[in-house]
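Below, chain A is the first sequence line, B the second, and so on; all start at residue 1.
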Amino acid sequence: MTTIRLHNTKTRKREDFTPIDPKNVRIYVCGPTVYDRAHLGNARPVIVFDVLYRLLRHVYGQDHVTYVRNFTDVDDRINETALKRQLAGATGTLEELIASRAHETIEWYHADMDVLGALRPNHEPRATAYVPQMVAMIEGLIARGFAYANQGHVLFRVREYADYGKLSGRSVDDMIAGARVEVAPYKEDPLDFVLWKPSDAETPGWDSPWGRGRPGWHIECSAMAHELLGPHFDIHGGGNDLMFPHHENEIAQSCCAGDKFANVWLHNEMLQVEGKKMSKSLGNFFTVRDLLEQDVPGEVIRFVMLSTHYRKPMDWTQTKRAEAERTLRKWYALAATAEDGAPDSQLLAVLADDLNTAGAIAHLHKLASAGEAEHLRAGLQILGLMDELIPLWVAQAAFDLTDYEAFLSDARVTAMESKDFTHVDRIKTMLTRAGLQVQMSKDGVVLTPTAEFDADKLEALE
RNA sequence: GGCGAGUUGGCGGAGUGGUUACGCAGCGGAUUGCAAAUCCGUGUACAGGAGUUCGAUUCUCCUACUCGCCUCCA
């Protein structure tokens with residue numbers, strides 16, 4: 001059996017992965033807050049952990065992996081949008097408007113991530129559906145002395161948890177020195193973080209022992225992971241910007257509530273634009289949908305994402321996009337000639353070594369140049385770059401080129417006799433400018449659309 | 001300021017204590033009316049310094065630089 005090795009943030013080492021229960025390998029990944037369309041940075045963990053999911057399913061069996069990825073639908077930005085819509089005259093209660101905003105965002109997310117070839121997780125829990133579990137967990141933390149209620153808030157006593165900061169490698173005292181922690185009158189200590197907070201009339205809320213309120217951000221993952229994966233599971237993943245404080249707080253809550261929580265922590269690096277992290281707050285983002293609307297196929301986005309190791313920052317560039325598309329067109333053409341098979345052991349070994357997707361792609365290059373269509377096909381499949389069928393954007397001849405081929409062919413035959421090739425060359429230049437690959441040989445003329453194909457430019461030939 | 005990650009040939013990007021990927025571009029050749037596509041050939045690069053070692057790009061330390069987190073963020 002393939003041994004998977006993973007870089008565990010908790011130990012900062014690459015370790016052999018040993019499941020708690022090989023019959024049920026459990027993984028939790030922090031999903032999006034559903035307040036707006038997903039930007040390209042949001043897609044990185046989805047794709048990275050989708051490859052891990054596929055690999056785990058391959059190694060342990062399709063039915064022996066449970067993958068949970070949440071939707072955070074308790075968030076002030078969702079509330080803001082709903083409130084704006086209500087003020088703009090939208091019908092429905094504020095709660096209904098909030099729910100519909102969350103709902104539409106989830107639909108967008110699904111649509112976008114589906115195109116990227118990401119399998120749906122086994123569970124996609126929404127925070128709003130797990131509030132009772134969160135309340136129960138908070139009550140437990142209070143009973144054990146790790147949390148306290150004050151002025152409608154419930155806070156976690158960070159100093160009661162000795163291992164706090166271990167994951168992200170910081171000490172409680174360092175954080176005080178950083179001095180960016182929020183001081184609030186209801187806190188015993190500035191480091192304490194919110195488990196529950198009160199809601200006003202314009203904010204969604206649930207009844208609780210501490211009055212009407214809503215959960216803090218971190219508790220949902222602890223509660224949902226516990227509910228769906230149990231007190232001890234294998235892998236917890238997410239972007240490395242979540243390492244602190246989100247994951248640190250999750251660990252504190254869950255462990256103090258009596259859970260063992262996750263064995264392995266995986267963090268992907270950030271996506272960059274012009275050397276800076278792509279993020280909403282910097283405003284340097286574009287969405288997955290933006291790219292799809294520019295006719296960048298999902299497989300191309302996925303290929304570019306996978307061509308850099310997940311623990312390194314990655315720049316999205318036009319050059320990579322174009323190169324990826326050319327490579328994929330070639331590979332799909334070859335893969336189409338083969339039947340489904342199993343991925344070769346070398347590919348699996350590379351992939352199993354801390355998800356070396358870039359190495360896997362390099363291996364695919366070798367398979368392709370060696371003409372090993374079946375292994376290439378299986379490799380594309382395990383990387384999620386194709387299913388049973390070649391993607392439509394490659395397989396479909398969107399435009400009938402036979403007339404143009406005949407036109408050029410006739411001109412060429414004439415030119416062969418007259419030895420005057422100026423007319424042929426003029427046609428060829430036009431076809432090339434329209435984004436066609438022109439191939440002329442003894443067997444005739446073949447036109448193949450490239451990524452830059454633009455049918456409008458063919459009109460110049462009429 | 002604290003903590004963390006990183007710095008590989010023209011570009012992208014893996015990896016390794018000694019034989020040094022892979023892709024793109026480039027160059028030379030075959031092929032072609034000319035091209036394209038294809039095929040063949042071609043490049044010892046690992047931020048700087050010190051140390052460990054028979055030997056380091058790979059291990060250790062220091063320096064420089066880049067990025068991230070410490071505030072909502074994937």
message: I'd like to know if A:K320 and A:D315 make a salt bridge, using a cut-off of under 4.0 Å between side-chain N and carboxylate O.
response: no
field: Any A:K312 side-chain N or O less than 4.0 Å from OP1/OP2 of B:rU7
entry: yes
query: With respect to the phosphate group of B:rG6, does any side-chain polar atom (N or O) of A:R311 fall under 4.0 Å of OP1 or OP2?
result: yes
query: Is A:K84 salt-bridged to A:E80, cutoff N-O under 4.0 Å?
result: no
Over all atoms of both residues, closest heavy-atom pair of A:R214 and A:P204: CD-O, 3.5 Å
Ionic contact status for A:R159 with A:D192, cut-off 4.0 Å: no
message: Please classify the nucleic acid contact of A:K166 as base, sugar-phosphate, or nothing, using heavy-atom distances under 4.0 Å.
response: nothing
query: Got a sec? Which of residues 413-423 of chain A come in under 4.0 Å of RNA chain B, heavy atoms?
result: A:M416, A:F421
message: Taking A:D36 first and then A:R101, would you say they form a salt bridge - that is, a charged N and a carboxylate O separated by under 4.0 Å?
response: yes
- prompt: Which word best sums up how the rings of A:W265 and A:H247 line up, parallel for under 30°, tilted for 30 to 60°, or perpendicular for over 60°?
  reply: tilted
task: Select base, sugar-phosphate, or nothing to describe what A:T308 touches, counting heavy atoms under 4.0 Å on all strands.
output: sugar-phosphate
query: What integer number of Å spans the C1' atoms of B:rG48 and B:rU42?
result: 31 Å
- request: Report yes if at least one side-chain N or O of A:K320 is closer than 4.0 Å to OP1 or OP2 of B:rC24; otherwise report no.
  value: no
field: A:R311 bridged to A:E269 by N-O distance under 4.0 Å
entry: no
task: Could you tell me whether A:E188 and A:R157 have a side-chain N and a carboxylate O separated by less than 4.0 Å?
output: yes
task: Look at all strands and tell whether A:V424 reaches a base, only sugar-phosphate, or nothing, counting heavy atoms closer than 4.0 Å.
output: base
message: Would you say A:K428 places a side-chain N or O within less than 4.0 Å of OP1 or OP2 belonging to B:rA36?
response: no
message: Is it the case that B:rC24 (base atoms only) and A:R326 (side chain only) share a donor and an acceptor within less than 3.5 Å, ignoring hydrogens and angles?
response: no
- line: Heavy-atom closest pair (A:L376 atom, A:A368 atom, distance to 0.1 Å) is CD2-CB, 4.3 Å
Any A:N240 side-chain nitrogen or oxygen under 4.0 Å from OP1 or OP2 of B:rC69: no
message: Over all strands shown, is A:D425 touching base, sugar-phosphate only, or nothing at heavy-atom distances under 4.0 angstrom?
response: base
task: Identify, residue by residue, the members of residues 360-375 of chain A with a heavy atom below 4.0 Å from RNA chain B, and return them in order of residue number, or none.
output: A:A362, A:H365, A:K366
query: Can we say A:K277 and A:D241 salt-bridge, meaning some charged N sits less than 4.0 Å from an Asp/Glu carboxylate O?
result: yes
query: How is A:Q437 classified with respect to the nucleic acid when contacts are heavy atoms under 4.0 Å: base, sugar-phosphate, or nothing?
result: sugar-phosphate
- prompt: Any Lys/Arg nitrogen of A:R37 or A:E293 sitting under 4.0 Å from an Asp/Glu carboxylate oxygen of the other?
  reply: no
message: Under 4.0 Å, counting only non-hydrogen atoms across every strand here, what does A:G165 touch: a base, just sugar-phosphate, or nothing?
response: nothing
- prompt: Taking it one step at a time, do A:H153 and A:W196 satisfy ring-ring contact (aromatic ring centres under 6.0 Å, His included)?
  reply: CA-CA 5 Å; A:H153 291 73; A:W196 188 264; over 10 Å; no
query: Where each pair must be Watson-Crick or G-U wobble with both distances under 3.5 Å, what dot-bracket representation of RNA chain B is obtained, with crossing pairs in [ ] and other-strand partners as |?
result: (((((((..(((.....[...))).(((((.......)))))....(((((..]....))))))))))))....
